[in-house]
Amino acid sequence: MTAGFDDIVVTTPTSIAYRRFSNESAHWWLLSALRDMLVTAKLQPSDIDGLTVSSFTLHPDSAVGFTQHAGLALGWLEHLPMGGASGVIALRRAARAIQCGDAKIVACLSGDTNQLDSFRQTLARFSHFSNDAAWPYGAGGANGYFALIADHYMRQFGIARDTFGKIAVAQRSNALAYPHALMKTDLTVEQYLDARMIASPLGLFDCVMPCAGAESFLVMHAKTADRLGLPAVRPLAIIERHNGFAEDPVQFRGGWAHDRELLWNQAGCTPDDMDFVETYDDYPVISLMQLEDLGFFDKGGGADFIASHDLTCGGSFPHNTSGGQLSVGQAGAAGGFLGLVEAVRQLTGHAIGAAVPDARRALVSGFGMVNYDRGICSAAAILERVGDPHG
Amino acid sequence: MADPLQPLPEPVRKDPQKKTRSALVPPLARSRLGMRLGAQAARGRFHLQHCDSCEFIVWPPREACPSCLSDLQWRAADPHGRLIAETTLETSPELYFRERVPWRVGTVKLASGVPVMAHLHAHCRVGDRVELRLFLDKADRAVFMAFADTNSPDLREDIQLRELTNDPRHRRVLITDARSPAGVALAAAMTDAGAKTVFAGVAESWKRDAAIERLEGMNRVSVVPLDLTDTRSVEELCGEIGGKVDILVHNAEHVRPGGVMTGRGIADAKQLHDKLVFGFMRLAENFGPVMRSRGADGVNSATAWVNLLSVYAHANWPAYGQHSAAHAAALSLAQCLRGEMLGSGVRVINTFAGPLEQDWHDSVLPPKVTPERLARDIVAGLLAGQQDLYIGDVARDVAERFEDDAKLLEMELAGGGQ
């Protein structure tokens, strides 16, 4: 059992409105999030002594260059290029640093720009493995690799597309109330099924839309948040794993399946105790994989579970309450923060879209970095609200 | 068993008003380790990295075994496996594929357990036992393609496969020095392989001989005047048929024994260089740019430039020292042309043979390569999409020794060996 998180809290969830394309730099998006967040928290830049940065398009800069760009003098710094797992992992790193006294207030930033060709460029030079063994095969990028994962998963577990469709449709319903969502028209399962194929079995509504945006939060001691008057959320347990189950020829599970016992034991609760769940939804099949690997239902049992639940904010199993990346858009590494930032808002009673009534506990899951044929990084956190948010 | 494939569309007469499709290429970027796969594939080998300590087979290429961190060795691997997942891409951010969708790819689990992403031949279905083959794609980079049945009669009808090979079928071929035994055999082999037209280039075409008569007697072979030593002649032919040459075979036979001191002198060397080396340059200056612009020009796009070289281009064989030197120069130019053609979709193919079965090699011991064997192997190489072909036992032997230790080979050849 790893150490608990004492009195560490997450606060000041911040989102910068997404745009389909942007000529601004990644630095601009990250700085916008930092500035907004500091205004909300009534802090000065000099109050921040720790920073994590996650961004694909910051290249050739890293977190180091960003500190000079932003004029931040820091005692602790992390560059976290972990894509969809970077939000949960940033929280884990920041919490440990604060627990150990290496930092007092850590700003966790994520953001990416999306210029006209930056998405293709990111994919075309993603990794050595991708260049050698994946990109030359049709250059489908994530759509191509996840099509193979979805094809294999559907055959292995007898899952049909309408199960994926219900996930996408419920998220669209959630997104209609979420101000930053780029996809704002209603979606039905029929439309999902009839949409043009992108890479079979993935259709248009299985795929996220690349965009520009930024997401961020602050991590600090509970007493600091209290002093600053910031509504906050407590992490009960966090797991991460990299390159788990490397022996599987096609990915049908992620590191969560390896670490979920640790997660629930450390949190002292069960899947039934969760009031809502935020998964990393680059594709609905991956959301399904996270839910089963984290113990919400048995492996392969997704069809029944999804059919028997309402996944909207007011439903029996609220899932991706902002609309997730499928409906809000995928702002690069910010996609790895979207669920966590949204969960903190929901748990502090500050939802900017549809609210989950009386939400006390939530699970946030991350999944990142398709180095070649599968997502390498998996992570999950269980969060609990501190005190009564409306009190 | 999958349904038989629809035959490839016959090429239609081109509307000169229409734009020739840009010769886009698939992704070029590879790591240096990834390039090693290409260096194997270029020579027709299916090699993957092996770990000697734990018998792991590794893909994608790595710097150490992911099981025990030992060093890895490239070695021949079993290319068989099972197709376990597939997708049909309907769009792609890379223009080359965007122009060619729908495009099928899949995951093949090799017998050793390692998964490999591969292009799929149309016959492949999930669950099938498949064979992986390595090809160089239009970017001259190695890629895997999976086949359910490599013997099926309609194998070559597959559009994705045609992108990886230099299939003569439906294409127009120019053979230089076609009056030579190799030229005649090549004309026959190309028409047998389905070439639409073979332009048989001959110097002094008014001179009648048995070779001309054989060429004229072949279906779909058209004898055209071409003197490789005459710049005008090359220019004129290019003006006439340049835009119709999809495969160019540079064949310039001029074998004479002798070295630097014992040879037939500079006059003879000049003749040889004029035909083989400067002839190559004349062809490249004229036909090269036209072919480069037609690398994606439909079913009968320009696809290959084939050089017939002596294996002693790699290391001088003093018994035929001048001949070796000229071929070394031609090889060097061919390597240059390969660089200039990269990105055009036109593959520069070098074929290396040992002594041919012909009069000027009468004092050379067998094994010698017959013209028919040479032609047959070249067509097979075009169908396999290979970049370097070693034809016959002597060529393969010399190539092996060259790869093993070039210095040792040089010393053996200087010592009177072959």
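Numbers restart at 1 for each chain; the letters A, B, ... are given by sequence-line order, proteins then strands.
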Student: Give me the atom names and distance for the closest heavy-atom approach of A:P136 to B:V143.
Tutor: CB-CG1, 4.1 Å

Student: Can you tell me which portion of B:V116 sits under 4.5 Å from chain A's heavy atoms? Options are side chain, backbone, both or neither.
Tutor: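 Interface part for B:V116: backbone (N, CA, C, O).
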
Student: So which of B:P60, B:G38, B:P115 has the largest heavy-atom pair count under 4.5 angstrom toward chain A?
Tutor: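 Heavy-atom pair counts peak at B:P60.
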
Student: Find the one option among B:P61, B:P93, B:P66, B:G34 whose heavy-atom pairs under 4.5 Å with chain A are most numerous.
Tutor: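 The residue among B:P61, B:P93, B:P66, B:G34 with the greatest pair count is B:P93.
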
Student: What would the table of donor-acceptor pairs between chain A and chain B look like if you include every N and O pair under 3.5 Å, whether backbone or side chain?
Tutor:
residue	atom	partner	partner atom	Å
A:R120	NH1	B:E94	OE2	3.1
A:D132	OD1	B:S31	N	2.8
A:D132	OD1	B:S31	OG	3.3
A:D132	OD2	B:S31	OG	2.4
A:W135	NE1	B:E94	OE2	3.2
A:Y137	OH	B:F144	N	2.8
A:G138	O	B:S92	OG	2.9
A:A139	O	B:S92	OG	3.1
A:D151	OD2	B:E86	N	2.9
A:I198	O	B:E90	N	2.8
A:S200	N	B:T87	OG1	3.3
A:S200	N	B:T88	O	3.2
A:S200	O	B:T87	OG1	2.5
A:S200	OG	B:T88	N	2.9

Student: Within a reach of under 6.0 Å around CD1 of B:I159, are more than 12 heavy atoms found that belong to other residues, nucleotides or ligands?
Tutor: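 Not more than 12 within 6.0 Å, no.
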
